[in-house]
Amino acid sequence: MTTLGIESETAIDVEEERRERQKKIYRVAQWMLPSLVLLFMVGGWQAYVTIAEVPHYILPSPLLIGQTLINDWGLLWPAMAVTGRLTMLALLFAIIGGLSMAIAFTQSKWVELAMFPYAVVLQVTPVVAIAPLLQIYVDSAFVAALLCAWLVAFFPILSNSIIGLKSADHNLQDLFKIYGATKWQKLRYLALPSALPFFLGGLKIAGGLALIGAVVAEFVIGRAGTGLGLASTLLEASYRFNFGRLYAALILISVMGVAIFGLMSLISYCFLFRWHESALKKEA
Amino acid sequence: MMNSATVVQRNELLRMSHIEKKFRGDIVALRNLNLSIKEGDFLSLLGPSGCGKSTALRLIAGLLSPTSGTIDWQGGKGDDDLGVVFQEPTLMPWARVKDNVWLPFRLRGKSFASVNGEIMQALQLVGLEDFQNAFPRELSGGMKMRVSIARALVTRPRLLLMDEPFAALDEITRHRLNEDLLALRQAIGCTIIFVTHSVFESVFLSDRIVVMAARPGRIIGELNVDVPYPRSEAFRTSPEYASAASAASKILEQAMGEVI
Ligand SMILES: Nc1ncnc2c1ncn2[C@@H]1O[C@H](COP(=O)(O)OP(=O)(O)OP(=O)(O)O)[C@@H](O)[C@H]1O
Ligand SMILES: [Mg+2]
């Protein structure tokens, strides 16, 4: 050790430096390690398929999947756009519907009493079971799929927002009362800001669920040859034993899932980093 | 209004007469409470836990209504007549310090610009003008409490209600805030009702100490601390302080004794 014999003051500096260095190493490792794992897995996969001569309709090689991604891009990209639009629209409507329903529920006990059971029923009924019905009643396959995805996504926003809207500090509520705040002021300046962290938590869940809802809807509704988005493409590829395309579609779907999660986390951070405890960076 | 007989006597600000407060039908939180608060009073409500101190404050604040009895404001209660400080700072964590202080005005529909002067003055009074743009989580417990006081004072209320505002703070911070509160009152001259568990805090701060007992909550004694303001840290070691503290303790002991 080079620190031997150095006075305590510089020893602290050395200690500090060591910790700095460790932090830097940690930051690099955060990216390096998962990348290495990926590299090994993909490499192992490629090696296995090549050496064991696994036929591509059982397990395509990563190379083949990569080729398919490039060759079929003209087909995959529009499908991805459709699924993306479906997911984002479903999420948008889930936000609008979930939030306004939550506000209605918390503003009026009677509305909540009357409506909440049905919100729960809608939630616990599996979408797959509703999808064929929607397909009959709604002409446009896209709209039917949108409805499905919306149904799945809106509940976490609704229930989180309700908890959030009711979570305002009691003393603050008293203070608003003392200063004669109107119902609107209580909502705007107290209930809504208090609900924000809860709402954003719900949004993160709803983002993932909207994608799942979209995929399920496409499986069920897109089957009648109306080819919707990525999930329909994936299903069709499986009928044709086109496993390269199946895997390509699968990868794109999970890329979308990661992107949505990242986006929701970013939105959440942007709203909360100034004031909320969850976004507080502890000084190490 | 003013007649010659009350020139030396201070005007009455608030009178609580024959107040009774029951919760859920049978829990008597307050029984036959009579209290007259004069303009300029620094009145401490001192008593054991559960004797109804907070209930009395909440009645005055209009957050509760009495089961029977009346609370009369001299000249009626105006919009800006009341400021309240709770045991917790009770700040909005999403709002900057200056926006927290703006709240009482904001709820009356006043824009920030139109009351900017008052807000800055209130922050200056509590010594936090440099922290106007901070968020509550960036402040220490004592600083948060100062913001809470600034918010309560920003409308220049006639009456300031404080419910154990410094109970959660460490002793050094509490002493500091005690002195600053007295200086503040000297500067703006409002009436204060201050709830506390601490005999020493009540003696240091107030000129009237009202001692309460529990079950049922009621007033069992009153004590005047006739030491003129301004009071400094030296007051804490003076004989007047010691004798007032021991007198208050005796009444309090009586209050505790009756419970057992
Ligand atoms: N909302 C309520 N419902 C039912 N009982 C209540 C309510 N608020 C207070 N009480 C009862 O009234 C009594 C007085 O309560 P209060 O909070 O005024 O006491 P306190 O003197 O402020 O006590 P502490 O010093 O612990 O704050 C207690 O017995 C309490 O249980
Ligand atoms: Mg209390």
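Chain letters run A, B, ... following the sequence lines, proteins first and then strands; every chain starts at 1.
- For a residue to count as touching a neighbouring chain, one of its non-hydrogen atoms must lie under 4.5 Å from one of that chain's; by this rule B:Leu103 touches chain A with the side chain only.
- Only the side chain of B:Arg96 has a heavy atom closer than 4.5 Å to any heavy atom of chain A.
- You'll find the side chain of B:Arg58 reaches within 4.5 Å of the side chain of A:Asp174, heavy atoms only.
- Surrounding CZ of B:Arg15 are at most 12 heavy atoms belonging to other residues, nucleotides or ligands under 6.0 Å away.
- Looking at A:Ser194, both its backbone and its side chain come within 4.5 Å of chain B, counting heavy atoms on both sides.
- For A:Lys186, the NZ atom counts as densely surrounded, since its 6.0 Å shell holds more than 12 non-hydrogen atoms of other residues, nucleotides or ligands.
- Atom-to-atom distance recorded for A:His170:NE2 and B:Glu88:CD is 12.0 Å, nearest 0.5 angstrom.
- Between A:Leu172 and B:Leu91, the shortest heavy-atom distance links the atoms CD1-O, 3.8 Å.
- Note that the CD1 atom of A:Ile178 and the CG atom of B:Asp81 stand 13.0 Å from one another [nearest 0.5 Å].
- Applying the 6.0 Å contact sphere to CZ of A:Phe261 captures no more than 12 heavy atoms from other residues, nucleotides or ligands.
- A distance of 5.5 Å separates CE in B:Met92 from CZ in A:Phe176, rounded to the nearest 0.5 Å.
- Put simply, the side chain of B:Arg106 never gets that close to the backbone of A:Tyr189: no donor and acceptor are under 3.5 Å apart.
- Annotation for B:Arg108: atom CZ counts as buried by contact number, over 12 foreign heavy atoms lying within 6.0 Å.
- Proximity to chain A among residues 144-158 of chain B is limited to B:Arg151, B:Ala152, judged by heavy-atom separations below 4.5 angstrom.
- In terms of modelled atom types and a separation under 3.5 Å, the side chain of B:Arg137 and the main chain of A:His276 share a donor-acceptor contact.
- Shown here is B:Ile172, whose CD1 atom has no more than 12 heavy atoms of other residues, nucleotides or ligands within 6.0 Å.
- Contact of the A:Leu196 side chain with the B:Trp94 side chain is not registered, since no non-hydrogen atoms from C-beta on lie closer than 4.5 Å.
- B:Leu82 and A:Tyr179 get closest at one heavy-atom pair: O-CE2, 3.9 Å.
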